[in-house]
J.: 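Mind having a look at this structure? Questions to follow.
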Amino acid sequence: MSDPRSKIPRFRYTASMANSIETQWQEYWDEHGTFEAPNTAGPLADPAKVAERKKLFVLDMFPYPSGAGLHVGHPLGYIATDVFARYKRMTGYNVLHAFGYDSFGLPAEQHAIATGVHPRVNTESNCNIMRRQLRRLGLGHDARRSVSTTDEEYYRWTQWIFLQIFNSWYDESQDRARPISELVAEFETGARDAGGKAWNELNKIERQELLGTFRLAYLAEAPVNWCPGLGTTLANEEVTNDGRSDIGNYPVFKRTMRQWTLRITTYAERLLHDLDRLEWPEPIKIMQRNWIGRSEGARVRFASNAGPIEVFTTRPDTLFGATFMVLSPEHPLVAALTSADQKRAVDEYCVSAASIKDIDRQDDSRPKTGVFSGTHATNPVTGSQIPIWIADYVLMGYGTGAIMAVPSGDQRDFDFARKYDLPIIATQLPSTEWFESHGVAESANCDSWPSAFIGEGTYINSDNESLMLNGDRTMAEAILVTNLWLEEHDLGQAAITYKLRDWLFSRQRYWGEPFPIVYDDDNQPVALPASALPVTLPELADFKPQALEPNDNVSAPIPPLARASEWANVSLDLGDGIRSYRREVNVMPQWAGSCWYELRYLDPTNTERFVDPEVERYWMGPQTPGDTGGVDLYVGGVEHAVLHLLYSRFWHKVLFDLGHVSSEEPFHRLFNQGYVMAYAFRDARGQTVPAIDVIQVGEKFSYNDEPVTREYGRMGKSLKNGIAPDEMYDEFGADTFRLYEMSTGPLEASRPWNTRDVVGMQRFLQRVWRNLVDENSNELHVSDTGTPVELRRELHRTIQGVGADMEHLRFNTAIAKLIELNNALTQHVNAHGSTPREVAISLVQMLSPLCPHMAEELWSRLGHIESITYQPFPHIDQAMLVRDTIEIPVQVNGKVRARLTVSLNVTDDELRNLALAEPKVLQALAGSKPKNVVIVPKRLVNVVL
RNA sequence: GCCCGAGUGGCGGAAUGGCAGACGCGACGGACUCAAAAUCCGUUGUCCGCAAGGGCGUGUGGGUUCGACUCCCACCUCGGGCACCA
């Protein structure tokens with residue numbers, strides 16, 4: 001009696017009713033395989049179900065199964081793709097929507113090191129937690145197609161694809177990758193020159209090394225963050241701002257190691273060009289273009305006492321102004337070019353440069369530093385001796401790692417020249433305006449210019465016996481002339497350079513895909529045959545690395561797999577009898593598994609191939625001639641704008657070139673959803689701490705009694721600020737939670753998390769329920785007595801609007817329109833006691849993509865036996881959209897002063913006369929004539945005074 | 001620092017060259033109730049005004065246009081990425 005809830009009607013749509021409805025329908029969908037998408041071939045084939053339906057492949061960026069489980073930011077994209085997929089099923093598509101886990105990665109390994117629990121155990125438990133959380137959301141995934149990158153049957157194919165990459169080379173003449181065997185054949189027949197020698201004169205090692213310079217996967221020296229105190233290499237994220245380890249606070253050293261590298265740069269041009277063929281947001285394309293960073297210019301060789309130094313410049317036309325050279329501290333010629341008296345200074349400089357993070361080295365606002373090598377090079381056009389400097393503003397990873405410095409034409413070189421008092425020679429005379437705007441006299445010597453001049457200008461001081469640039473000419477002409485001269489004199493040639501670097505593909509970790517590679521007695525890499533796959537990870541007794549003296553920067557880093565010595569040293573027969581080999585002990589980066597997972601969803605159980613070609617062609621093949629093919633809709637965060645999306649495109653293109661897939665691109669249409677944002681906290685070393693454990697006292701925040709600073713950012717594992725969705729299910733139900741996530745803004749926009757607002761969507765669903773079902777009797781109150789015309793008009797306007805919004809992923813405005821319809825319906829029900837059947841049916845159909853459990857329940861109560869999943873989306877009655885009158889705003893000087901209600905076929909003259917007769921307009925005119933009357937036919941009148 | 005976005009009521013947002021603030025949250029008022037909750041109805045950008053009405057208003061400053069939240073330029077703030085977090 002005293003229970004306050006006793007007055008709540010017994011059959012109200014509450015969280016507990018929602019929960020029981022949701023559980024019941026989730027079981028129904030599982031039992032009936034409702035979301036199983038038929039293939040055209042193989043074990044998942046069901047030709048009758050494919051029938052004449054058009055296909056649609058909808059894909060989410062799959063998550064890392066974090067130990068913290070799902071946070072409320074994850075489902076934003078997952079719900080959106082589910083709503084879209086469900087909408088498309090209702091409009092006749094055969095929709096493939098599957099879900100998997102990107103389950104290799106750092107946190108599981110760190111967890112294993114800390115607890116001794118095998119990463120697989122931890123990872124599987126995390127996957128199960130997330131699977132359960134996602135199931136509660138009612139996502140319509142084809143469960144048969146779920147894959148984890150850590151499944152042996154998955155990563156055997158990741159390894160297989162790596163072998164394809166290793167066993168291929170890029171044929172520039174055909175502009176595609178080809179099997180390495182075809183290159184060997186060209187060498188054997190002599191069709192291709194084998195580096196000056198005949199192929200059959202090369203020994204085995206020389207042959208392997210030659211092929212290594214062609215293979216798309218090759219070994220190269222590359223820097224790592226080595227932390228002896230932990231005995232492991234570290235990810236950039238694990239290194240603090242002051243160059244120490246996040247865990248343990250030990251010193252971290254930059255060391256180079258021999259590591260696998262993928263020749264993605266061979267695809268730079270195609271990765272750039274094919275962006276034009278994709279339906280991606282323009283900003284993402286711009287980011288990828290900038291990342292690839294194509295520049296045209298020239299390679300120029302400067303003579304020095306250590307041989308020619310090659311530079312890349314985008315401005316060969318300014319060569320006459322090159323007054324010094326700068327080499328990156330990592331440049332291989334640094335030692336050879338350093339004079340005895342400068343050796344100490346150069347060594348010290350190089351050591352200190354190594355301790356600066358790359359991201360800081362690219363900071364243009366940082367004061368320039370550098371050191372003179374003590375030697376000179378020859379400017380190829382002037383013949384003069386110019387000093388060679390070493391400076392960290394030149395990066396080894398771009399161009400050749402050396403530059404010619406033209407202080408008059410490049411701001412960085414200008415700053416450097418000023419600081420170290422190096423000569424500045426102008427090669428172009430700026431315009432009068434330039435001098436005026438920079439506050440210097442035109443007669444001023446360029447030593448007194450305030451900055452470098454970059455642009456078109458009259459060429460000066462630019463001639464020698466055989467090259468003459470002086471005078472008025474365009475930069476393009478000057479560049480062309482210079483490039484020709486360089487080529488004639490064998491001093492350089494026109495060249496294109498990309499910022500894009502080859503992809504460092506080795507990690508010194510345990511929890512990743514082992515490479516299908518062994519090394520022979522000659523230390524040459526040998527690919528294992530496909531029959532040897534998968535190369536499974538060995539068991540380790542202890543995941544803790546062997547820690548060393550924290551300052552021991554001499555001992556070689558030992559990857560975890562090297563400790564599994566029985567696994568690492570094997571005897572195999574690879575075609576020439578049983579021999580002993582040692583395995584590659586690095587593993588692949590987490591990117592590897594995410595580079596091709598969409599293909600495995602297509603054919604997850606195939607044991608013969610990574611995907612059946614016919615199945616791939618059906619789901620991903622080009623739809624029209626010239627189309628790239630690929631996933632029809634790929635939804636994920638913009639944080640993957642460059643790396644993941646570039647790496648997958650690269651792998652996909654290799655597979656295309658080798659004939660394994662029919663699509664040229666993996667993701668035809670991309671949509672970036674925004675982030676769910678939340679506060680995050682950072683300690684004094686710049687590392688994030690778990691937000692949930694931070695304590696607020698007044699305006700201050702602390703974690704473990706240490707002060708922390710607050711910031712605002714994307715909810716997720718990096719910022720350790722996730723909020724679990726489970727309490728949303730308990731408090732409101734999954735349908736309300738889905739609706740809330742979709743209603744808080746446009747899908748592409750980031751939004752703060754605000755639990756307080758969720759109740760609005762619960763009230764909406766309660767009103768919908770109440771409009772169809774009596775809360776006291778649980779009886780349906782739907783009538784067959786017909787619909788008033790105004791309500792019917794509103795219904796059809798809603799159908800039109802919601803359909804258009806769903807097509808364009810505008811779920812927030814679709815929901816607003818449904819609320820408006822339901823509010824109109826509430827008024828009708830209040831007046832007449834029941835909902836007209838046609839409105840009930842259409843409303844439930846329109847709601848079903850967004851809140852499918854409630855829609856299924858109401859659909860079944862409306863007397864239907866089949867699931868609503870494949871029911872058609874309601875059709876628009878065009879007659880209901882036609883209005884008799886329209887309202888026209890009347891502006892005076894652009895401000896609305898009156899409104900006219902006029903007939904549909906109103907003429908411009910009628911509008912003008914009506915507008916000029918409006919009292920407000922007459923008042924504003926005050927007797928004078930309007931200067932102008934702008935009429936937008938059937939839209940608006942603007943009276944200009 | 002460089003590259004890419006975003007800034008609109010107390011809050012989330014709507015409107016993408018033509019009626020600024022749809023829809024939701026919150027707040028306020030009313031009905032029902034012994035009372036509260038729930039529900040239903042109404043008000044709610046801001047300033048001046050008793051009101052009628054009027055002024056101002058989309059981060060800041062400029063510009064284009066009959067008309068700008070929307071397009072252009074500069075600046076400020078916040079977010080994403082910067083190659084070993086993925």
Side-chain angles (χ1 to χ4, degrees), chain A residues 4-5 7-9 12 61 63-64 102 104-107 222-225 233-239 281-284 286-287 289-291 293 358-366 397 499-504 506-509 589-591 594 637-644 646-647 672 674-675 677 711-714 716-718 740 743-746 748-754 756-761 763-764 766-767 770 775 812-813 815-820 823 826 830 887-891 893-899 930-934 936 939-945:
Chain A
R5 282 173 302 179
K7 296 269 178 70
I8 293 177
R12 170 158 297 172
M61 288 185 188
Y64 175 76
D102 190 13
F104 277 121
L106 206 48
V224 296
N225 301 311
T233 58
L234 296 177
N236 289 339
E237 184 181 67
E238 301 171 286
V239 182
E282 197 54 35
I284 305 296
I286 292 169
M287 279 192 262
R289 286 187 194 112
N290 292 343
W291 188 264
D358 278 356
I359 194 161
D360 295 327
R361 277 181 64 173
Q362 289 169 48
D363 186 341
D364 274 350
S365 67
R366 214 167 50 97
K499 274 207 201 93
L500 182 68
R501 307 201 293 261
D502 277 342
W503 174 13
L504 180 58
S506 294
R507 300 292 184 270
Q508 297 74 49
R509 305 215 167 264
Q590 194 171 357
W591 304 114
S594 62
V638 71
E639 77 270 23
H640 294 294
V642 178
L643 298 180
H644 160 62
L646 201 63
Y647 294 154
N672 293 116
Y675 304 119
M677 310 286 280
E711 59 189 81
Y712 178 69
R714 169 164 67 99
K717 63 180 182 296
S718 289
Y740 170 69
S743 72
T744 49
E748 64 272 25
S750 294
R751 71 285 314 265
W753 177 255
N754 203 344
R756 192 186 68 177
D757 292 351
V758 181
V759 70
M761 291 303 121
R763 286 182 196 149
F764 166 50
Q766 280 175 346
R767 285 175 198 145
R770 192 181 304 127
E775 287 188 323
N812 55 327
T813 50
I815 291 168
K817 290 178 175 97
L818 287 164
I819 292 172
E820 285 183 272
N823 288 347
T826 300
N830 287 347
E887 199 174 71
I888 305 281
V890 178
Q891 299 180 334
N893 285 344
K895 296 228 172 217
V896 176
R897 295 296 166 186
R899 290 184 175 81
K931 212 185 271 173
N932 190 12
V933 179
V934 180
V936 184
R939 286 283 292 282
L940 167 135
V941 181
N942 187 16
V943 179
V944 185
L945 297 186

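In this text, all values refer to a predicted model and were calculated from it rather than measured experimentally. Convention: sequence-line order gives letters A, B, ...; per-chain numbering from 1.
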J.: Quote, to the nearest angstrom, the C1' distance that separates B:rC84 from B:rG59.
T.: 38 Å
J.: Rounded off to whole Å, could you give me the CG-to-P distance for the A:Asn290 and B:rG81 pair?
T.: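 To the nearest whole Å, that distance equals 17 Å.
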J.: Side chains of A:Val638 and A:Met287: closer than 4.5 Å at any heavy-atom pair?
T.: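 Yes, close enough: below the 4.5 Å cut-off.
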J.: Taking the side chain of A:Trp291 as its heavy atoms from C-beta onward, which of B:rG5, B:rC82, B:rC84 lies nearest to it?
T.: B:rC82
J.: Need the glycosidic conformation of B:rG9: syn if within 90° of 0, anti if not. Which one?
T.: syn
J.: Can you measure A:Met677 atom CE to B:rA6 atom P for me and round it to whole angstrom units?
T.: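 That distance rounds to 14 Å.
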J.: Could you check whether the side chain of A:Asn236 and the base of B:rC84 have a donor-acceptor pair of N or O atoms closer than 3.5 Å, going by distance alone?
T.: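 No such pair is found, so the answer is no.
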J.: Let's see if you can work this out: which of B:rA22, B:rG80, B:rC4 has an atom nearest to the side-chain heavy atoms of A:Ala816?
T.: B:rA22
J.: Using the P atom as the point on both nucleotides, what is the distance between B:rG42 and B:rG24, in whole Å?
T.: 12 Å
J.: Between B:rA20 atom P and A:Arg897 atom CZ, what is the distance in whole Å?
T.: 10 Å
J.: How close or far is atom P of B:rU77 from atom CD of A:Glu711, stated in whole angstroms?
T.: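 Whole-Å distance recorded here is 17 Å.
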J.: Does A:Ser506 reach a base, just sugar-phosphate, or nothing at all? Heavy atoms under 4.0 Å.
T.: base
J.: Could you state the atom-to-atom distance from CD1 of A:Ile815 to C1' of B:rC23 in whole Å?
T.: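 A:Ile815 atom CD1 is separated from B:rC23 atom C1' by 10 Å.
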J.: Find the partner of B:rC23: check Watson-Crick (N1-N3 plus N6-O4 or O6-N4) and G-U wobble (N1-O2, O6-N3) distances, both under 3.5 Å, and reply none if neither fits.
T.: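 Pairing partner, where one exists within any strand: B:rG12.
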J.: Determine the interatomic distance between P on B:rU65 and the same-named atom on B:rU60; round to the nearest Å.
T.: 23 Å
J.: Write out a two-atom table: protein N or O, nucleotide N or O from nucleotides 10-14 of chain B, distance below 3.5 Å.
T.:
| unit_1 | atom_1 | unit_2 | atom_2 | d |
| --- | --- | --- | --- | --- |
| B:rG12 | O2' | A:Thr744 | O | 2.8 |
| B:rG13 | OP1 | A:Ser750 | O | 3.3 |
| B:rG13 | O5' | A:Thr744 | O | 3.4 |
| B:rA14 | OP1 | A:Asn812 | ND2 | 2.7 |

J.: Check whether any side-chain N or O of A:Asn672 sits under 4.0 Å from OP1 or OP2 of B:rG80, and answer yes or no.
T.: no
J.: Select base, sugar-phosphate, or nothing to describe what A:Phe764 touches, counting heavy atoms under 4.0 Å on all strands.
T.: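 Here A:Phe764 touches no strand at all.
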J.: Counting the atoms with a prime plus P, OP1 and OP2 as sugar-phosphate, which does A:Leu646 contact under 4.0 Å by heavy atoms, base, sugar-phosphate, or nothing?
T.: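 The answer is nothing, as A:Leu646 stays clear of every strand by at least 4.0 Å.
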J.: What integer distance in Å separates A:Arg501:CZ from B:rC84:C1'?
T.: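 Taking CZ of A:Arg501 and C1' of B:rC84, I get 12 Å after rounding.
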J.: Starting the side chain at C-beta, find the nucleotide from B:rA83, B:rU39, B:rC84 nearest to A:Val224.
T.: B:rC84
J.: Given the C1' atoms of B:rA6 and B:rC69, what is the spacing between them in whole Å?
T.: 13 Å
J.: Send over the distance from A:Asn893 CG to B:rA68 C1', rounded to a whole Å.
T.: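 It is 15 Å, rounded to the nearest whole Å.
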J.: Under the 3.5 Å rule, do the base of B:rC84 and the side chain of A:Gln508 count as making a donor-acceptor pair?
T.: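 Yes, the side chain and the base share a sub-3.5 Å donor-acceptor pair.
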J.: Picking from B:rG24, B:rC4, B:rG18, which would you name as closest to the side chain of A:Arg939?
T.: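 Nearest to the side-chain atoms of A:Arg939, counting from C-beta on, is B:rG18.
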J.: When the P atoms of B:rA74 and B:rG80 are compared, how many Å lie between them, rounded to an integer?
T.: 25 Å
J.: Measuring only the P atom in each nucleotide, how far is B:rC71 from B:rU8? A whole number of Å is fine.
T.: 16 Å
J.: Where the side chain of A:Val638 is concerned, which of B:rC66, B:rG80, B:rC19 is the nearest nucleotide?
T.: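 Per side-chain heavy atoms of A:Val638, the pick is B:rG80.
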J.: Write down the distance between OH (A:Tyr712) and P (B:rA6), rounded to a whole number of angstrom.
T.: 16 Å
J.: Using the P atom in both, what is the distance from B:rG21 to B:rU43, to the nearest Å?
T.: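 Nearest-Å result for B:rG21 against B:rU43 at atom P: 15 Å.
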J.: The side chain of A:Glu820 lies closest to which of these nucleotides: B:rA22, B:rC84, B:rU39?
T.: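 The answer is B:rA22, which lies nearest to the side chain.
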J.: Students often get this wrong, so: under 4.0 angstrom with heavy atoms, is A:Leu940 touching a base, only sugar-phosphate, or nothing?
T.: base
J.: What's the gap between B:rA52 and B:rC40 when it is taken at their C1' atoms, as a whole Å value?
T.: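 After rounding to an integer number of Å, I get 32 Å for this pair.
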J.: When you compare the side chains of A:Arg767 and A:Thr826, does any donor N or O come within less than 3.5 Å of an acceptor on the partner?
T.: no
J.: Among residues at least two apart in sequence or on other chains, which ones pass ring-ring contact (aromatic ring centres under 6.0 Å, His included) with A:Trp291?
T.: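 Here no residue qualifies.
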J.: Angle class for the A:Tyr647/A:Trp591 ring planes (parallel below 30°, perpendicular above 60°, tilted otherwise)?
T.: perpendicular
